[in-house]
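The structure displayed is predicted, hence computed values, not measured ones. We name chains A, B, ... by the order of the sequence lines, and we start the count at 1 in each one.
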Protein chains: 2
Amino acid sequence: MSVENLPEMIPHYTPGAERLLAAASDLFYRDGIHAVGVDTIAAAAGVTKKTLYDRFGSKEALAVAYLRGRDARWREYLEQELAQAPAGSVERILAVFDISARWALTNSDKGCSAINARAEMDDATHPVAVEAIRQKKWMRDVFAGLCREAGLADADRVADILMLLYEGGLVTVGMGTFADPFAAGREAAAAILGAARGSDH
Amino acid sequence: MSVENLPEMIPHYTPGAERLLAAASDLFYRDGIHAVGVDTIAAAAGVTKKTLYDRFGSKEALAVAYLRGRDARWREYLEQELAQAPAGSVERILAVFDISARWALTNSDKGCSAINARAEMDDATHPVAVEAIRQKKWMRDVFAGLCREAGLADADRVADILMLLYEGGLVTVGMGTFADPFAAGREAAAAILGAARGSDH
DNA sequence: GACCGAGTATACAGATCTGTATAGCGTGCG
DNA sequence: CGCACGCTATACAGATCTGTATACTCGGTC
């Protein structure tokens, strides 16, 4: 039965839809959602506008699919890389910052797609904003889970702080405020985690 | 002579320009720059579109004025509040997070205008993006200056970390990932600054 | 009294926006 | 064969976009 409802979870796109989503992802991330027209997306994908509406129904739905696709790739990369660090260790928590730095090198030169997309929507209940906020809460819960696995007493509070450092890193990469922000974030996280572990004993 | 060139630094707007900038600030921040048309701005300000172009020349210039105006208000508020904390103290550094939390209550419910504006521009050399990046570097330098005044040896590195916590707080307020992020940021900053001061002696 | 600055009112140009409509082509499949 | 599906091609509707043009009003100031 798990195979039966899999197509609902992971949509299987037609070739045209695949190219549309790839083109939209590039354009939405680079220029912003409002700044890119559906004609531009269709042309970049090498399909007609009708195909776009047949597959996705609206520009809004395509934007949500863009956010979901980016997030799915990030989650897959993160979980795969995290598996290489010893479970339940502080090193595994710190590894998130190394992984983020590597990911940012090729994927996040303009910051976080979720933050940027949220900024373009006036309403927090807009489907695009809802998806963006969902992704952020998921990431904070990843930190909280890692902290609990590492046996930290105040896992939730430490997770909040780690999330601040992580978000700051994403933004700083996008703005170019200073170089290698995730290294600074890792350094700070190590100090915080050292203190948190120390207070346990 | 300082009075002579003051008008160049602080532009004196006509009444119409004043209302235009106020209306544009609200709309640009709420909906995003690309999502708001000049007709909407002019109507909200109660002036005609011609007045907008007579005063600002272009929508792009109005957007830059919007970012500059917001930043000027933030800087004024920050410097005024900072003056109430003892100079050269760690408390003064931590006060930035309290001040940010208060400011965010009434001004930053959708995150940082500079980050959000930058996200809408494809090119880092676009005037709007240039202004946004300038503001971020200024804020990092504020942290560095406060760290140096407090006598920290590794002021620049600590300033980077403080900037991450600050940026993370702004983003988290905008996304609503968790409550009261600047309190968590202050807590983390206190731990980092305690360690930095400890390593000095 | 002439002039100028700030503003109103209105219309327009030319482009671009999202979304729909109509007609047809080609391939795989039962 | 027949037929559904994914797609192309083209045209269009109706709205909205930035920016400009023309003509006018009103208040202060030299």
Side-chain angles (χ1 to χ4, degrees), chain A residues 7-8 10-67 117 120-123 126-129 131, chain B residues 7-8 10-67 117 120-123 126-129 131:
Chain A
E8 295 181 356
I10 304 169
H12 58 296
Y13 294 114
T14 63
E18 208 94 61
R19 292 209 307 280
L20 274 166
L21 192 51
S25 292
D26 286 347
L27 292 165
F28 281 160
Y29 185 68
R30 182 186 319 270
D31 298 341
I33 293 170
H34 281 132
V36 181
V38 289
D39 294 277
T40 307
I41 296 167
V47 303
T48 62
K49 212 167 40 168
K50 183 167 189 307
T51 301
L52 191 157
Y53 281 94
D54 283 348
R55 296 295 130 246
F56 293 94
S58 70
K59 182 188 178 183
E60 180 179 283
L62 179 58
V64 172
Y66 143 68
L67 284 183
E120 289 195 73
M121 309 299 142
D122 54 326
D123 187 358
H126 188 288
V128 168
E131 172 61 23
Chain B
E8 296 181 356
I10 302 169
H12 58 296
Y13 294 114
T14 63
E18 209 94 61
R19 291 208 309 279
L20 274 166
L21 192 51
S25 292
D26 285 347
L27 292 166
F28 282 160
Y29 185 67
R30 182 186 319 271
D31 299 342
I33 294 170
H34 281 132
V36 182
V38 287
D39 295 277
T40 307
I41 297 167
V47 303
T48 62
K49 213 166 41 167
K50 184 169 186 306
T51 301
L52 191 157
Y53 281 94
D54 283 348
R55 295 296 129 246
F56 293 95
S58 70
K59 181 188 177 182
E60 180 180 292
L62 179 57
V64 172
Y66 143 67
L67 284 183
E120 290 194 73
M121 308 298 141
D122 55 326
D123 188 357
H126 187 288
V128 168
E131 172 61 23

Sorted by number, residues from residues 13-22 of chain A placing a heavy atom under 4.0 Å from DNA chain D are A:Thr14, A:Pro15, A:Gly16

Less than 4.5 Å apart, any side-chain heavy atom of B:Leu67 and any of B:Phe28? no

Check B:Val36 against B:Leu27 and note the closest heavy-atom contact, atom names and distance. CG2-O, 3.5 Å

So which heavy atom on A:Ala23 is nearest to which on A:Ala44, and how close? CB-CB, 3.9 Å

Which pairs pass side chain to side chain donor-acceptor pair (under 3.5 Å) with one or both residues in residues 25-34 of chain B, sequence neighbours excluded? B:His34-B:Glu120

CG-CG distance between A:Leu52 and A:Asp39, expressed to the nearest 0.5 angstrom: 9.5 Å

What one should report as the nearest heavy-atom pair of B:Ala129 and B:Asp123 is CB-O, 3.5 Å

In short, B:Gly46 meets B:Arg19 closest at the heavy-atom pair O-NH2, 3.6 Å

A:Tyr13 and A:Ala65: which non-hydrogen atoms are nearest, and at how many Å? OH-CB, 4.1 Å

Within the pair B:Arg55 and C:dG5, is there a side-chain N or O less than 4.0 Å away from OP1 or OP2? no

Which nucleotides of nucleotides 10-30 of chain D have their base under 4.0 Å from a protein heavy atom (B), which only their sugar-phosphate (S), and which neither (-), written as one string 5' to 3'? -------SBBB-BB-------

